[in-house]
Amino acid sequence: MAEPTLTIVYFAWVREDVGRDEERIDRPSSDITVADLVAALAARGGGYAQALGDATKLRAALDQRFVPLETVIGEARELALFPPVTGG
Amino acid sequence: MAEPTLTIVYFAWVREDVGRDEERIDRPSSDITVADLVAALAARGGGYAQALGDATKLRAALDQRFVPLETVIGEARELALFPPVTGG
Amino acid sequence: MKRVSIQPQDFDIAAELAALEALGGGGVASFTGVVRGEGGLIALELEHYPAMTQAQVDRIVEDALGRWPLLGVSVIHRFGRLEPGARIVFVGTASRHRTAALESCAFLIDWLKSHAPFWKKEHFGDGATAWVEARAEDDAKAKGWGG
Amino acid sequence: MKRVSIQPQDFDIAAELAALEALGGGGVASFTGVVRGEGGLIALELEHYPAMTQAQVDRIVEDALGRWPLLGVSVIHRFGRLEPGARIVFVGTASRHRTAALESCAFLIDWLKSHAPFWKKEHFGDGATAWVEARAEDDAKAKGWGG
């Protein structure tokens with residue numbers, strides 16, 4: 001059984017705009033994609049709209065692996081949203 | 001005017017076989033090559049023959065620059081004879 | 001020897017290199033990245049994704065071990081607030097083959113600079129801040145290693 | 001910064017790297033060669049051509065400075081009798097561009113290993129000695145840099 005919730009973690013300016021580094025949400029249906037969820041979060045408005053309104057600026061990881069935004073969330077426990085990494 | 005003598009320096013097993021690390025000889029005529037001089041030195045026999053008998057095993061420098069053995073000695077002050085370098 | 005550390009504190013390069021030299025391979029290559037203090041920069045703030053970083057760096061070090069005949073690899077990456085002149089990242093590799101040591105060192109630093117889950121925020125003397133944007137150039141370089 | 005030293009004594013890698021880091025380029029690459037103690041080797045004796053070595057290494061360092069945008073280069077090469085584990089050679093380079101630092105470091109060590117006027121004699125535990133022969137492989141590698 002999948003966890004009843006999904007943890008979302010934010011980094012860099014996504015974190016700053018959203019105003020938090022982590023949150024838990026009720027698990028969405030398993031066939032929705034990262035991009036779908038990003039659109040739903042952006043629709044909250046405010047910092048969410050600012051951070052997540054333009055998905056081309058975002059990158060994502062599911063359970064600590066980089067994935068394209070078109071990936072279905074499935075039973076992942078953790079989604080991370082962030083700008084392209086800038087390394088060391 | 002060229003120096004009246006030519007200094008020859010030897011390294012590695014060439015030095016060991018010849019039995020000295022340096023010597024001065026009367027300057028040979030300016031048109032003879034390193035290979036000619038190597039042959040003349042080898043003709044001394046003994047350690048010279050052993051060290052210098054097979055010119056394919058030798059490398060040379062004139063005034064601290066690597067040169068092919070066919071190079072004329074000209075007015076160089078120092079000839080070095082040694083095996084191929086083995087670096088650091 | 002395989003050592004990966006993601007840490008806020010500075011590190012002792014001499015100790016890292018001595019450990020790699022002691023492996024007996026004959027060749028040790030290293031790269032150290034240092035904060036540049038340009039354009040009024042007073043600090044670089046490195047944020048990372050802890051749950052991901054260690055696992056990802058472990059994986060890329062294993063890739064390097066599979067690709068080159070290495071006796072040892074050491075990777076240290078700092079996070080937090082770093083001032084100009086401070087070390088950010090260190091990669092050291094040891095091998096019997098100097099080309100293997102040098103190439104794997106280049107491969108690892110290219111990966112760290114372009115794919116490790118770190119983000120950098122610049123702090124300037126006038127109070128301004130700016131998140132550093134990813135450079136397409138770095139991506140192209142890391143892709144040049146294939147794989 | 002350009003530093004070339006041909007010397008019998010060991011050296012302080014941390015000090016060399018710190019000097020390169022202090023140039024502010026952001027990237028420092030290094031390679032260290034160490035004596036391998038294999039096949040009963042108890043010492044490596046390095047002979048060189050002093051009148052030639054310093055000038056030749058100066059020249060190749062200048063070649064590197066002409067080819068890559070370097071802020072600093074440090075080359076140290078030891079001679080004399082060195083035991084297993086002892087450092088033989090160090091190359092360190094500093095640049096704003098990590099590729100320049102890494103490539104120039106590889107170029108310099110390839111040159112030193114194949115063209116510097118050094119000869120190595122191996123001393124073994126049973127009293128035997130042998131002059132190391134030049135390897136065609138090293139020549140090919142240094143030629144790969146063109147020039």
Side-chain angles (χ1 to χ4, degrees), chain C residues 10-18 20-38 41 44 71 82 84-114 135 137-138 140-142 144, chain D residues 10-18 20-38 41 44 71 82 84-114 135 137-138 140-142 144:
Chain C
D10 195 13
F11 44 86
D12 180 348
I13 289 193
E16 295 302 321
L17 291 175
L20 291 164
E21 287 174 16
L23 299 173
V28 173
S30 80
F31 182 88
T32 309
V34 176
V35 179
R36 286 201 294 256
E38 296 170 330
L41 185 97
L44 202 57
L71 293 170
L82 304 175
R87 298 185 189 104
I88 307 173
V89 59
F90 170 84
V91 174
T93 54
S95 177
R96 290 177 49 87
H97 306 275
R98 70 175 181 281
T99 305
L102 285 159
E103 283 187 2
S104 59
C105 182
F107 165 80
L108 287 166
I109 192 68
D110 282 353
W111 185 88
L112 288 164
K113 288 271 188 179
S114 55
R135 295 190 306 163
E137 180 192 324
D138 277 336
K141 194 160 292 159
Chain D
D10 195 13
F11 43 87
D12 180 348
I13 288 192
E16 295 302 319
L17 291 174
L20 291 163
E21 287 174 16
L23 299 173
V28 174
S30 79
F31 182 88
T32 308
V34 175
V35 178
R36 286 201 295 255
E38 296 171 331
L41 185 97
L44 202 57
L71 293 169
L82 303 175
R87 298 184 189 104
I88 306 173
V89 58
F90 170 85
V91 173
T93 55
S95 178
R96 289 176 50 87
H97 307 276
R98 70 177 180 282
T99 305
L102 285 159
E103 283 187 1
S104 59
C105 182
F107 165 79
L108 288 166
I109 191 68
D110 282 352
W111 185 88
L112 288 164
K113 289 272 189 179
S114 54
R135 295 190 307 163
E137 179 193 325
D138 277 338
K141 196 160 289 158

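Convention: sequence-line order gives letters A, B, ...; per-chain numbering from 1.
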S.K.: Check whether D:Val35 gets within reach of chain C through its side chain, its backbone, both or neither, counting any heavy atom under 4.5 Å.
M.R.: neither

S.K.: In terms of heavy-atom pairs under 4.5 Å, which option from C:Ala15, C:Gly27, C:Ala18 contacts chain D the most?
M.R.: C:Gly27

S.K.: For D:Ala14, check side-chain contact (heavy atoms from CB on, under 4.5 Å) against everything at least two apart and list the hits.
M.R.: C:Ala14, D:Asp12

S.K.: For the CG atom of D:Leu102 and the CD atom of C:Glu103, what is their distance to the nearest 0.5 Å?
M.R.: 11.0 Å

S.K.: Side chain from CB out, backbone as N, CA, C, O: work out which of these in D:Ile109 comes under 4.5 Å of a heavy atom of chain C, or both, or neither.
M.R.: both

S.K.: Looking at D:Ala22, D:Gly25, D:Gly24, which has the largest count of heavy-atom pairs under 4.5 Å with chain C?
M.R.: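 Option with the top pair count is D:Gly25.
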
S.K.: Kindly list each side-chain donor-acceptor pair under 3.5 angstrom involving residues 84-92 of chain D, sequence neighbours excluded, with atom names and distances?
M.R.:
unit_1	atom_1	unit_2	atom_2	d
D:Arg87	NE	C:Glu21	OE1	3.0
D:Arg87	NE	C:Glu21	OE2	3.0
D:Arg87	NH1	D:Asp10	OD1	3.3
D:Arg87	NH1	D:Asp10	OD2	3.2
D:Arg87	NH1	D:Phe11	O	3.3
D:Arg87	NH2	C:Glu21	OE1	3.3

S.K.: Select, from D:Ala101, D:Ala29, D:Ser30, the one with the greatest count of heavy-atom pairs under 4.5 Å involving chain C.
M.R.: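 Between D:Ala101, D:Ala29, D:Ser30, the count favours D:Ser30.
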
S.K.: What is the distance from atom OG1 of C:Thr99 to atom CZ of D:Phe31, rounded to the nearest 0.5 Å?
M.R.: 8.5 Å

S.K.: What are the two closest non-hydrogen atoms of D:Arg96 and C:Arg36, and how far apart are they?
M.R.: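 Shortest heavy-atom separation between D:Arg96 and C:Arg36 comes out as O-NH1, 3.1 Å.
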
